[in-house]
Amino acid sequence: MGKGIIAASLAKLLQSRGFNVTIQKFDPYINVDPGTLNPYEHGECYVTNDGAETDLDLGHYERFLNTPTSRANNVTTGRIYQTVIDKERAGDFLGKTVQVIPHITDEIKRRMRLLEDEKNYDVIITEIGGTVGDIESLPYLEAIRQLKRDVGSENACVIHLTLIPYLSAAKELKTKPTQHSVKELLMTGVQPDVLVCRTEHPLPKDIREKLALFCNVESNAVIEAIDADTIYDVPLLMLKEKLDKIILKKLNLKSKMEPDLTNWKTFLGKLKNPTKEVTIALVGKYNELPDAYKSIYESFVHAGAMNECKVKVIPIHSESLIEGVAEKLANFDGVLVAPGFGERGIEGKINSIQFVRENNIPFFGICLGMQCAVVEYAKNVMGLKDAASSEVNPNSSNIMIHLMEDQKKITSKGGTMRLGAYNCKLAKGSLAHKIYGKSNIEERHRHRYEFNNEYLERIEAAGMKASGVNPDNGLIEIIELPSHPFFVGVQFHPELKSTVENPHPIFVAFVKAAMDRKLNR
Ligand code: GLN
């Protein structure tokens with residue numbers, strides 16, 4: 001439906017008027033966080049600077065607002081219950097029966113207001129995952145009802161995102177599902193203040209009036225959210241619909257200035273008027289679900305716009321790259337090998353890397369992609385035929401990638417990887433240093449395995465350079481091949497830091513390298 005995009009767009013508009021805004025996501029499922037979820041279930045797992053594994057909507061929030069989120073910005077039912085049960089075990093409830101109301105709802109409300117004091121926000125937007133009517137969502141709706149009472153109705157405002165289906169046979173937009181979901185909301189005691197209506201066709205005035213009357217909202221609070229060419233159009237569409245003004249009025253907030261969206265519009269102008277085009281292969285294994293690589297796709301959108309270049313990203317299943325790799329990859333202007341876990345698809349990743357390395361095709365490896373680049377180099381250049389990562393073959397006599405020391409004792413899966421932002425020092429004169437234009441950077445991580453430093457000297461002597469190193473513990477964070485036009489592997493996840501206003505420099509440089517290759521082919 002796009003709740004995340006609507007939330008991010010509203011936040012963008014408020015931010016462009018000078019307000020300090022943040023967005024948080026509350027997910028009604030029982031997992032404590034999405035870190036243990038298969039990407040096929042819930043898309044990519046987004047990681048914050050402070051190392052929380054979170055819902056991918058937080059990625060949209062950061063990309064739109066250009067401000068970092070944190071652990072407090074994503075909460076699940078599992079986390080809420082865990083907190084309440086821990087308190088119960090500690091005896092904090094003094095013998096009382098612990099119940100959904102008030103204990104669970106109190107904990108939901110506490111977390112809804114957790115960020116209030118921290119950064120002095122003017123507005124906090126809380127996105128509730130799921131759908132009105134889900135059994136799991138009920139405590140959240142009840143918490144909303146209570147919160148409005150607690151803070152006063154002039155300090156809280158409820159936006160309901162709803163679908164207005166179009167029946168093409170009858171050429172008609174239907175309001176019935178919205179009437180029903182609002183009725184459902186009203187049964188929990190929540191009256192929406194604003195309806196944001198997802199629609200494929202413009203909402204005529206009479207439909208808006210009908211919705212306003214039946215759902216008991218003001219006519220100007222029925223907002224059309226029509227399908228857009230790109231998610232980055234949505235803030236401007238919401239501006240046209242005056243969503244920001246309606247919210248400010250409901251919250252009794254005086255706008256500090258007219259929205260300043262200059263940078264946003266410059267970005268959109270470039271995005272929509274590319275002068276060149278490149279095609280990039282995304283070699284991964286969760287290709288059936290584009291959401292599994294959400295941040296990578298979006299990083300290419302940002303980097304493409306920066307280069308005024310349309311970037312076509314074609315997913316290629318790593319399991320299909322066992323044979324015929326040359327035919328499958330020769331026509332790409334660049335190849336990105338994706339992050340991932342486990343053994344499946346490794347051989348295809350290694351084959352692709354050998355091909356792009358030997359044929360001077362720009363290569364960008366992220367996390368597992370970087371680890372595969374190291375293994376490929378060891379196998380095919382250093383002649384260590386059985387080189388491997390211990391994640392794939394723990395019995396190999398040349399373990400190039402091994403479990404980090406502090407990971408060896410860990411058995412529990414949730415939240416135990418190396419997570420969040422770490423420092424990295426770039427070698428002067430390296431491509432990485434040139435790309436970033438500075439020596440010290442900070443990037444986000446999510447992995448258990450690392451480059452085995454026992455091989456550092458040998459691999460460097462063979463031509464692969466470690467150009468980024470963690471200054472505190474010596475972990476290798478970036479590798480590159482000076483003899484190749486563009487061959488960069490990173491142990492971290494640069495895609496988690498790319499935003500509209502700050503496209504990630506490695507993605508920008510990779511797209512540029514792909515453009516150069518296309519030009520000189
Ligand atoms: N499976 C690898 C590790 O745990 C890579 C992880 C990733 O690509 N995010 O180190």
Side-chain angles (χ1 to χ4, degrees), residues 33-40 42-49 51-54 56 59 282-287 289 291-297 299 315 318-319 335-350 352-353 363-376 387-394 396 399-422 424 443-453 455 466 468 470 473 475-479 488-498 504 506:
D33 63 39
T36 51
L37 288 173
N38 185 326
Y40 287 123
H42 216 74
E44 155 191 284
C45 174
Y46 190 78
V47 181
T48 56
N49 279 334
E53 299 181 283
T54 71
L56 54 76
L282 170 60
V283 176
K285 67 174 173 182
Y286 310 114
N287 295 350
L289 186 73
D291 268 4
Y293 300 118
K294 189 85 208 162
S295 294
I296 293 181
Y297 282 104
S299 300
S318 43
E319 283 177 306
V335 172
L336 185 147
V337 176
F341 293 85
E343 193 196 347
R344 188 164 69 90
I346 292 286
E347 192 186 338
K349 288 185 173 169
I350 290 184
S352 326
I353 296 169
F363 164 75
F364 187 7
I366 299 183
C367 208
L368 182 63
M370 172 267 202
Q371 298 174 353
C372 288
V374 168
V375 172
E376 190 280 322
S389 158
S390 59
E391 185 179 14
V392 179
N393 178 9
S396 156
I399 299 282
M400 304 300 296
I401 306 291
H402 63 177
L403 209 53
M404 280 176 280
E405 203 45 49
D406 49 4
Q407 286 288 329
K408 289 186 179 151
K409 305 170 287 290
I410 296 173
T411 49
S412 165
K413 288 275 181 273
T416 56
M417 284 189 246
R418 180 183 185 220
L419 290 167
Y422 286 91
C424 172
E443 293 281 1
R444 297 185 200 172
H445 294 253
R446 182 171 189 252
H447 60 116
R448 295 187 201 282
Y449 295 82
E450 56 157 325
F451 178 84
N452 179 358
N453 271 326
Y455 286 89
N470 180 309
N473 54 21
L475 294 186
I476 303 302
E477 312 283 31
I478 310 181
I479 53 98
V488 177
V490 294
Q491 184 58 80
F492 47 80
H493 290 271
E495 73 276 20
L496 304 178
K497 280 186 67 170
S498 187
H504 196 284
I506 309 185

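Indexing begins at 1, ligand by ligand and atom by atom, following the structure's order. For reference, positions follow the sequence shown, starting with 1.
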Any non-hydrogen side-chain atom of Phe492 less than 4.5 Å from a side-chain atom of Met370?
no
Given Tyr46, which partner from the list Arg444, Glu53, His493, Lys294 fulfils the side chain to side chain contact (heavy atoms under 4.5 Å, CB included) test?
Arg444
Is it the case that Ser318 and Arg344 place a side-chain donor and acceptor less than 3.5 Å from each other?
no
Closest non-hydrogen contact found for Ala387 with Met400 is CB-CG, 3.9 Å
Would you mind telling me if ligand 1 is within reach of the side chain of Arg446, the backbone, both or neither, using heavy atoms under 4.0 Å?
backbone
Closest protein heavy atom (residue, atom, distance) for atom 7 (C) of ligand 1:
Cys367 SG, 3.0 Å
Using heavy atoms and a 4.0 Å limit, tell me yes or no: is His493 in contact with ligand 1?
yes
Distance from atom 2 (C) of ligand 1 to nearest protein heavy atom, with residue and atom
Glu391 OE1, 3.3 Å
May I ask you to identify the nearest protein heavy atom to atom 10 (O) of ligand 1, giving residue, atom name and distance to one decimal place in Å?
Tyr449 N, 2.9 Å
If only side-chain N and O atoms count, and only distance matters, is there a donor-acceptor pair under 3.5 Å linking Glu450 with His445?
no
Taking NZ, NE, NH1 and NH2 as the nitrogens, is one of them in Glu477 or Arg418 under 4.0 Å from a carboxylate oxygen of the other?
yes
protein heavy-atom neighbour closest to atom 5 (C) of ligand 1 works out as Gly340 O, 3.3 Å
Residue part near ligand 1, for Gln371, under 4.0 Å between non-hydrogen atoms
side chain
For atom 4 (O) of ligand 1, what is the closest protein heavy atom, and at what distance to 0.1 Å?
Arg448 N, 3.0 Å
